[in-house]
*Asks:* 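This structure is in structure tokens; I'll ask about it shortly.
Order of the sequence lines fixes the chain letters, A, B, ..., with proteins taken first and strands second; residue numbering starts at 1 for each chain.
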There are 2 protein chains.
Amino acid sequence: MVTLAEVAQHAGVSASTVSYVLSGKRSISATTRQRVEQSIRELGYHPNAGARALASSRSNIIALMIPLRTDMYVPVMMEIAIAVATTARTHGYDILLLTGEEGPDAVRRVTGSGLADAMILMDVELDDERLPLLRRSGQPSVLIGLPADTTGLTCVDLDWGATGALCLEHLAGLGHRDIAVIGEAPAVYERHTGFAERTLDGLRTRAKDLGLRVLHRPCEGGYDAMAVTLARIFDERPATTGFVVQNESAVEPLLALLRQQGRAVPEDVSVVAICPDQVAVQASVRLTSVAVPAQEMGRNAVERLVAKLDGRGTDDVVLIAPELTVRASTGPAPTPAV
Amino acid sequence: MVTLAEVAQHAGVSASTVSYVLSGKRSISATTRQRVEQSIRELGYHPNAGARALASSRSNIIALMIPLRTDMYVPVMMEIAIAVATTARTHGYDILLLTGEEGPDAVRRVTGSGLADAMILMDVELDDERLPLLRRSGQPSVLIGLPADTTGLTCVDLDWGATGALCLEHLAGLGHRDIAVIGEAPAVYERHTGFAERTLDGLRTRAKDLGLRVLHRPCEGGYDAMAVTLARIFDERPATTGFVVQNESAVEPLLALLRQQGRAVPEDVSVVAICPDQVAVQASVRLTSVAVPAQEMGRNAVERLVAKLDGRGTDDVVLIAPELTVRASTGPAPTPAV
DNA sequence: GTACTGTGTCGAAGCGCTTCGACGCCGTAT
DNA sequence: ATACGGCGTCGAAGCGCTTCGACACAGTAC
């Protein structure tokens, strides 16, 4: 293993000079710099991460807490995680992967040990138990998702309320009056996951404004669950002509079941999905959808965290405006047979 | 920030004693141990990771290289990653997340800097460019996936060859003679991804033994690609009655298209999938499938890596035997109308 | 009683790096 | 010519921990 001292000796300078060449924190003459860089290359030197962390109390690592559950919005999670990792690298940071398993303890451990310089939390609940700890620790952090109380926190998220509203506006504009909302699994609502509740709020509020009737039903993914849910919906609201779906694994079952029941999309029934674009275009009907900007959220989180670590940036909340793309799953409401 | 020295002072012992209490590397009297542990709790002490890494040249971090591509087998990747992370924690290790982006450089960086004690590589290609570097570095590592040359490497993977064979045996046992294999996207084969090629080998070899006719077609996910692929298959082999699908995002399109063409599953056509169980049971037809044991692979990789780091364990290849679960998508081949 | 073995604890020497203050040198202002 | 301010470099002091050898003491064996 090659050390700084060896590089220094090889280049005929002192260790501190090599360090300054590496960090750029003091000016170094061009000739010296070149000589040092040459030695570094020749010897194949890599600074030792531990020593660096100890001396500078900076690990250049960002901890990313992902939810343990693999049963929902997996592609979104993965996309965020990858965006976070690649963006972090461009700023010289590595990502430490923490699963939700440890819960709040993970925050304590990471904060206490100086393992990471900062944290990104995903899958934030409205009243998340990790937050008090995070606030107290003073650990720089960014949340992907919005808790109920954001004071002193930095957050980024899609504007789910606006997303819900946007879906309804689109359907209302096409003349639909009775809308069914197919949501995430019941467990998601029970945990008071921010995005799910906020979407619902947005939907309901705008429904009131526009005079629409909205029926919300959580739904596990898969065909069997969807079949039951759909039957109940048409039972309760036979006049339903518009659907909003916020559950990737319910999209395809819904389309299949509608088809099977002889309800054509979009002639008889319109469907708006809230999902990544890839899911929307790969579905059996190209779906009108509001995209979940997973990459943008991941990138934004890292960039604002890095800004914080550099002493720039402030605590605040960034809500990404939703964008609805019209595809082939929505159309004018059918005129009711008189 | 609380340091070891402060704990030592508080407990009235020397720093080294505290260290030995923590590591258990020397025997400590029960009373001293308790006193120290008490002090640790009272002061809220957390060992500093950097200092520890520097002094012991062990970071207690395992690097996990995941593929950058988010367009294929995402749920499997995620499941593996989570299994790796949780298993690692039970052994006191954290996971550093590396994306494929950096490629071989990441290996060099991690190895050189002592950032991680070991690596786990996913998405290994048959002739992976990271391997020479890995071998040379002497970095303890485990591959999830099987390269062409495994000398000096530790690997874990599903036995894809046996998986392919198993699928064919099942279909052959039901009387099917003409089998179509719907594979991953063409890019996957172009990259010479191990699992895809090995599955194909297994399929073809056993097909020969059993006298079956096999037609293999790579396929992008989604409905449009699947429609084209399926049309070509029936065009070329109208007598096809059995399908093997190794592409999560092609499963549902295939089922939908078959249905649409009036081919009943499993009465007219049988389908065997190679996918996680969850996908198999959530599909519109409960699929006969060979499960991809994502969790087991992740867990196994970590456990063998930890064994290596502890000086136990050897370089070798573990192939997990495939298991086929019969569900509702396969049945006897239809007797051809005479 | 002495010699010896173990057990439990301590002190000190690093691990490889960053960073602060000091210092020599040269160019410019006086 | 003298004084002065930068610039470029060096030396040394840690960062908080692990670990090795030393040592004191008690217990056992003769």
Side-chain angles (χ1 to χ4, degrees), chain A residues 1-37 39-40 43-61 92 109-117 309, chain B residues 1-40 43-61 92 94 109-117 309:
Chain A
M1 203 212 173
V2 188
T3 69
L4 225 209
E6 289 168 337
V7 173
Q9 191 174 4
H10 186 271
V13 297
S14 76
S16 47
T17 300
V18 177
S19 178
Y20 286 124
V21 168
L22 251 29
S23 70
K25 295 195 178 172
R26 285 202 184 171
S27 52
I28 297 286
S29 69
T31 58
T32 307
R33 186 201 322 289
Q34 281 162 21
R35 206 140 37 83
V36 170
E37 281 166 354
S39 296
I40 288 177
L43 299 179
Y45 169 70
H46 282 270
N48 179 65
R52 216 164 220 201
L54 177 56
S56 64
S57 26
R58 292 287 236 99
S59 63
N60 282 294
I61 289 179
R109 193 165 62 83
V110 168
T111 301
S113 67
L115 230 187
D117 296 333
L309 288 170
Chain B
M1 203 213 172
V2 188
T3 70
L4 226 209
E6 288 168 337
V7 173
Q9 193 174 3
H10 185 271
V13 298
S14 75
S16 46
T17 300
V18 178
S19 178
Y20 287 123
V21 167
L22 251 28
S23 70
K25 295 195 178 172
R26 285 202 184 172
S27 52
I28 297 286
S29 69
T31 58
T32 308
R33 185 201 323 290
Q34 279 161 21
R35 205 141 36 84
V36 170
E37 280 165 355
Q38 176 67 17
S39 297
I40 288 177
L43 300 178
Y45 169 71
H46 282 270
N48 176 54
R52 212 165 225 201
L54 177 57
S56 64
S57 27
R58 292 289 236 99
S59 63
N60 282 293
I61 289 179
D94 273 297
R109 193 166 61 84
V110 168
T111 301
S113 67
L115 230 187
D117 296 333
L309 289 169

*Asks:* Can you pull out the residues from residues 44-61 of chain B that lie within a 4.0 Å heavy-atom distance of DNA chain C?
*Replies:*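 Heavy-atom cutoff 4.0 Å gives B:L54, B:A55.
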*Asks:* Quick one: list whatever passes side-chain hydrogen bond (donor to acceptor under 3.5 Å, both in side chains) with A:R109, sequence neighbours left out.
*Replies:* A:E102, B:D94
*Asks:* How close do A:L309 and A:R58 get, heavy atom to heavy atom, and via which atoms?
*Replies:*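 That closest heavy-atom pairing would be O-NH2, 3.5 Å.
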*Asks:* Between B:S59 and B:L115, is there a donor-acceptor pair closer than 3.5 Å when you use the side chain of the first and the backbone of the second?
*Replies:*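 It does hold such a pair.
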*Asks:* Are the side chain of A:Q34 and the backbone N or O of A:T31 linked by a donor-acceptor pair below 3.5 Å?
*Replies:* no
*Asks:* Give a yes or no answer on whether the side chain of A:R33 reaches the backbone of A:I28 with a donor-acceptor pair at less than 3.5 Å.
*Replies:* yes
*Asks:* What does nucleotides 8-13 of chain C look like as a protein-contact string, B for base, S for sugar-phosphate only, - for none, at under 4.0 angstrom between heavy atoms?
*Replies:* SBBB--
*Asks:* How long is the line joining CG of B:L115 and P of C:dC17, in whole Å?
*Replies:* 13 Å
*Asks:* Where do B:L22 and B:Y45 come nearest, in terms of heavy atoms and distance?
*Replies:* CD2-CE2, 3.7 Å
*Asks:* Show the nearest heavy-atom pair for residues B:S113 and A:N48, with the distance to one decimal.
*Replies:* O-OD1, 3.3 Å
*Asks:* Which part of the nucleic acid, if any, lies within reach of B:S19 when heavy atoms closer than 4.0 Å are counted: base, sugar-phosphate only, or nothing?
*Replies:* base
*Asks:* Looking only at heavy atoms, what is the nearest atom pair of A:V7 and A:L43, with distance?
*Replies:* CA-CD1, 3.9 Å
*Asks:* Return the value, rounded to whole Å, for the distance between atom CG of A:L4 and atom C1' of D:dC10.
*Replies:* 14 Å
*Asks:* What is the distance, to the nearest angstrom, from the NZ atom on A:K25 to the P atom on C:dC17?
*Replies:* 15 Å
